[in-house]
Amino acid sequence: MTALRIGNASGFYGDRFDAMREMLTGGELDVLTGDYLAELTMLILGRDRLKDPAAGYARTFLRQLEDCLGLAHERGVRIVTNAGGLNPAGLADAVGQLAGRLGIPVRVAHVAGDDLTAAHPGSLAAHAYLGGFGIAECLRAGADVVVTGRVTDAALVTGPAAAHFGWTPKEHDRLAGAVVAGHVLECGTQATGGNYAFFRDGDVRHPGFPLAELHEDGSCVITKHPGTGGFVDVGTVTAQLLYETAGARYAGPDVTARLDTVRLSQDGPDRVRIEGVRGEAPPPTLKVGLNRLGGFRNEVVFVLTGLDVEAKGALVREQLAPALAEVADVRWELVRTDRSDAPSEETASALLRLVVRDPDQEAVGRALSGAAVELALASYPGFHVLAPPGKGSPYGVFEDVYVPHGGVGHVAVLHDGLRIPVPPPHDTLVLDDVPQPPLPEPLPPGPVTRAPLGLVAGARSGDKGGNANVGVWARTDDAWRWLAHELTADRFRELIPESRELTVVRHVLPNLRALNFVVEGILGAGVAAQHRFDPQAKALGEWLRSRHLDIPEALL
């Protein structure tokens with residue numbers, strides 16, 4: 001059976017608008033996917049739905065489709081997307097109306113059953129992460145466009161693959177291969193050089209979007225359309241494989257993929273082969289993402305210029321203390337961006353950031369803004385702020401809970417309205433930690449140089465609720481022999497001081513020459529709570545790469 005060519009045209013709600021057209025015109029495709037959902041997106045869509053019950057889906061997708069639906073129909077490309085968000089039926093209906101207006105005969109289906117909000121009082125949105133077999137049912141019934149709500153990102157690939165190759169839920173190895181392919185594709189250009197540690201290895205000014213040539217045995221080749229920007233190599237694929245994952249077992253509703261079995265090889269220019277992926281039965285429960293409003297937040301950044309930075313910061317903190325006495329959560333952070341004898345005012349300035357949170361908007365709104373503004377002529381010399389504080393804005397809190405597969409009514413709603421229940425998997429397997437594999441032989445002793453870790457290792461980091469992960473990989477076997485012994489969990493805590501009081505778990509993935517660190521609780525209540533300066537930990541890996549270690553000179 002010929003390979004199934006699955007492309008991606010969106011990695012998040014707000015990604016490149018022209019990507020759908022670029023993917024449809026740039027080369028051959030069988031299926032085009034679009035991932036629009038994230039934890040923060042579900043909160044945003046939930047707030048949209050509060051204002052308008054007919055809202056709750058990614059309107060960008062509909063505008064893209066208005067330009068590209070005819071093109072997809074002409075080329076025989078099926079479209080599968082989770083842009084339905086909180087209202088997949090509403091988006092499917094809107095797509096059908098659009099097709100009617102344009103006179104394009106397409107069949108639109110959608111997947112339902114993920115919405116569990118009614119069962120979780122107090123949540124703005126509570127949605128189970130469904131697998132790909134609802135998508136597969138829609139495609140087998142002839143759908144040209146399939147709209148889903150909250151499915152796993154990889155389900156956008158496992159569904160079309162199961163439909164095309166006739167896979168059953170028991171074919172764990174094949175499904176695991178599709179999950180890995182889906183995970184590589186889901187963040188769009190992160191697989192083609194975007195956000196890549198070694199971005200200077202290619203031209204990433206306008207990276208093309210990725211596609212997978214998926215085979216019946218579950219293996220695939222990750223590539224991109226000819227002539228598009230960016231590049232695909234073992235490093236770009238490794239980076240994306242480590243993104244927002246943890247240990248050897250990558251669990252999902254269809255299958256648990258064993259990331260410690262993944263084998264990567266360069267298969268030619270801009271082609272990386274993925275093979276050897278093993279799968280296990282999925283866990284007996286489904287993840288449910290709960291989003292709720294946590295209260296209100298506000299912030300103001302004071303600029304401290306020149307001499308006596310510490311004393312200036314202490315003064316303004318003392319002056320604002322009475323106004324903040326009753327606020328539930330007050331956080332001050334001094335960022336020393338200033339330099340001695342600086343050639344510009346900007347480089348002579350430090351930033352003092354104040355973030356406040358409280359259930360009462362008034363407490364973080366007018367009370368803060370009034371007190372801060374009143375200091376304009378009565379505080380430290382050179383007083384000014386980057387922007388005046390506003391009235392306070394709502395912030396969200398994310399948490400996950402788990403429910404049995406059978407507690408979710410996973411349904412494929414076909415283009416003719418027929419509803420087909422999707423049964424839960426017959427086989428499940430409780431997740432256990434995989435024993436840590438043996439480490440490679442250490443490098444022999446030799447001279448070392450104090451240098452940044454990033455000279456010999458790449459990294460990519462991201463968020464999962466309140467936790468962050470940092471995947472670190474070596475580019476050579478010798479660098480891996482050093483990295484595996486040097487970068488322990490304790491050394492990670494030493495290099496990243498804010499993790500020292502937190503739980504840091506290290507996972508070893510020898511096939512990828514990689515270590516994956518999970519830092520528990522570093523993001524507080526999730527990205528929407530904006531707990532830290534980098535609320536999604538996007539740059540945590542780059543900070544780690546910038547830290548200095550004693551590195552063997554043989555590696556430099």
Side-chain angles (χ1 to χ4, degrees), residues 6-23 32-49 55-65 68 79-88 91 114 125 127 129 147-157 181-196 199 204 206-212 222 224 229-230 236 239-245 287 289 291 396 398 400 460-465 468-469 471 523 526-530 534-541:
I6 304 179
N8 171 280
S10 177
F12 68 100
Y13 191 10
D15 209 343
R16 187 189 307 165
F17 186 86
D18 293 334
M20 185 178 290
R21 174 168 283 276
E22 292 172 10
M23 289 301 289
L32 183 60
T33 66
D35 180 7
Y36 292 78
L37 300 185
E39 293 167 4
L40 181 60
T41 313
M42 298 298 280
L43 179 70
I44 293 170
L45 294 177
R47 292 175 60 187
D48 287 347
R49 191 170 60 173
Y57 56 79
R59 296 183 184 276
T60 302
F61 170 76
L62 202 58
R63 295 200 301 273
Q64 290 173 302
L65 210 58
C68 295
I79 295 175
V80 179
T81 180
N82 62 15
L86 277 59
N87 188 7
L91 179 56
D114 61 300
H127 290 257
Y129 289 71
V147 173
T148 79
R150 179 73 278 187
V151 296
T152 63
D153 301 337
L156 301 178
V157 171
H183 182 60
V184 173
L185 296 186
E186 70 185 54
C187 290
T189 53
Q190 280 196 169
T192 59
N195 299 354
Y196 181 52
F199 64 96
V204 296
H206 191 79
F209 276 68
L211 63 93
I222 304 296
K224 63 187 184 68
T236 66
Q240 180 55 29
L241 276 175
L242 296 173
Y243 182 64
E244 296 182 346
T245 60
K287 177 180 174 180
N291 286 276
F398 176 86
D400 50 54
R460 176 165 285 162
S461 55
D463 64 304
K464 280 292 184 183
N469 96 286
L523 303 180
V527 55
Q530 298 188 37
D534 174 15
Q536 288 182 280
K538 295 292 189 181
L540 188 58

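Below, all heavy atoms of this structure are taken into account, side chains as well, without hydrogens, waters or symmetry copies.
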Mind running side-chain contact (heavy atoms from CB on, under 4.5 Å) on Thr81 and Leu156 for me, showing each step along the way?
CA-CA 7 Å; Thr81 180; Leu156 301 178; 5.7 Å; no

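- Remark: Asp18 pairs with Glu22 by the side chain to side chain contact (heavy atoms under 4.5 Å, CB included) rule, at least two apart or across chains.
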Between Arg16 and Phe209, is a side-chain contact (heavy atoms from CB on, under 4.5 Å) present by the stated rule, with each step listed?
CA-CA 10 Å; Arg16 187 189 307 165; Phe209 276 68; 3.7 Å; yes

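- For Arg47, the CZ atom sits in a loose shell: 12 or fewer heavy atoms of surrounding residues, nucleotides or ligands are nearer than 6.0 Å.
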side-chain contact (heavy atoms from CB on, under 4.5 Å) between Leu185 and Val157: does it pass, once the steps are laid out?
CA-CA 9 Å; Leu185 296 186; Val157 171; 4.0 Å; yes

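- Judged as a side chain to side chain donor-acceptor pair (under 3.5 Å), and not counting sequence neighbours, the contacts of Asn195 are Gln190.
- The side chain to side chain contact (heavy atoms under 4.5 Å, CB included) check on Ala9 picks up Ala19, Met20, Met23, Leu32, with sequence neighbours excluded.
- Contacts of Arg63 classified as side chain to side chain contact (heavy atoms under 4.5 Å, CB included), with partners at least two apart in sequence or in another chain: Phe17, Arg59, Thr60.
- The distance from atom CG of Leu242 to atom CZ of Arg460, rounded to the nearest 0.5 Å, is 9.0 Å.
- The ring-ring contact (aromatic ring centres under 6.0 Å, His included) search around His183 returns Tyr250, not counting sequence neighbours.
- Between the side chain of Ser10 and the backbone N or O of Asp15, no donor-acceptor pair lies under 3.5 Å.
- Applying the side chain to side chain donor-acceptor pair (under 3.5 Å) criterion to Asp114, with sequence neighbours excluded, gives His127.
- Residues meeting the side chain to side chain donor-acceptor pair (under 3.5 Å) test with Tyr243, sequence neighbours left out: Lys538.
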Donor-acceptor list for residues 34-41 side chains, cut-off 3.5 Å, not counting sequence neighbours:
residue	atom	partner	partner atom	Å
Asp35	OD1	Leu37	N	3.2
Asp35	OD1	Asn82	ND2	2.8
Tyr36	OH	Gln64	OE1	2.5
Glu39	OE1	Gly465	N	3.3
Glu39	OE2	Gly465	N	3.1
Thr41	OG1	Ala38	N	3.3

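- Considering only residues two or more places apart in sequence or on other chains, Asp534 meets the salt bridge (charged side-chain N to carboxylate O under 4.0 Å, His left out) condition with Arg532.
- Partner Tyr57 forms a side chain to side chain contact (heavy atoms under 4.5 Å, CB included) with one of Val147, Leu45, Leu91 and no other, that one being Leu91.
- Taking every heavy atom of both residues into account, Thr189 and Pro210 meet most closely at N-CD, 4.2 Å.
- Under the rule for a salt bridge (charged side-chain N to carboxylate O under 4.0 Å, His left out), the partners of Asp153 that lie at least two apart in sequence or sit in another chain are Arg150.
- Contact of the Ile6 side chain with the Thr33 side chain is registered, since non-hydrogen atoms from C-beta on lie closer than 4.5 Å.
- Annotation for Asn8 and Gly188: closest pair OD1-CA, 3.4 Å, computed over non-hydrogen atoms.
- Every residue two or more places apart in sequence or in another chain that forms a salt bridge (charged side-chain N to carboxylate O under 4.0 Å, His left out) with Arg49 is listed here: Asp115.
- In this structure Ser461 satisfies the side chain to side chain contact (heavy atoms under 4.5 Å, CB included) test together with Val470, Leu540, sequence neighbours excluded.
- Looking at Asn469, its side chain does come within 3.5 Å of a backbone N or O of Glu244 through a donor-acceptor pair.
- Listed here is the closest heavy atom pair of Ala83 and Phe61: CB-CB, 3.7 Å.
- When all heavy atoms are compared, the tightest approach of Ile222 to Ala212 is CD1-CB, 3.8 Å.
- With a 4.5 Å cut-off on side-chain heavy atoms, Val184 and Leu241 count as touching.
- Considering every non-hydrogen atom in both Leu211 and Gly7, the closest pair reads CB-CA, 3.8 Å.
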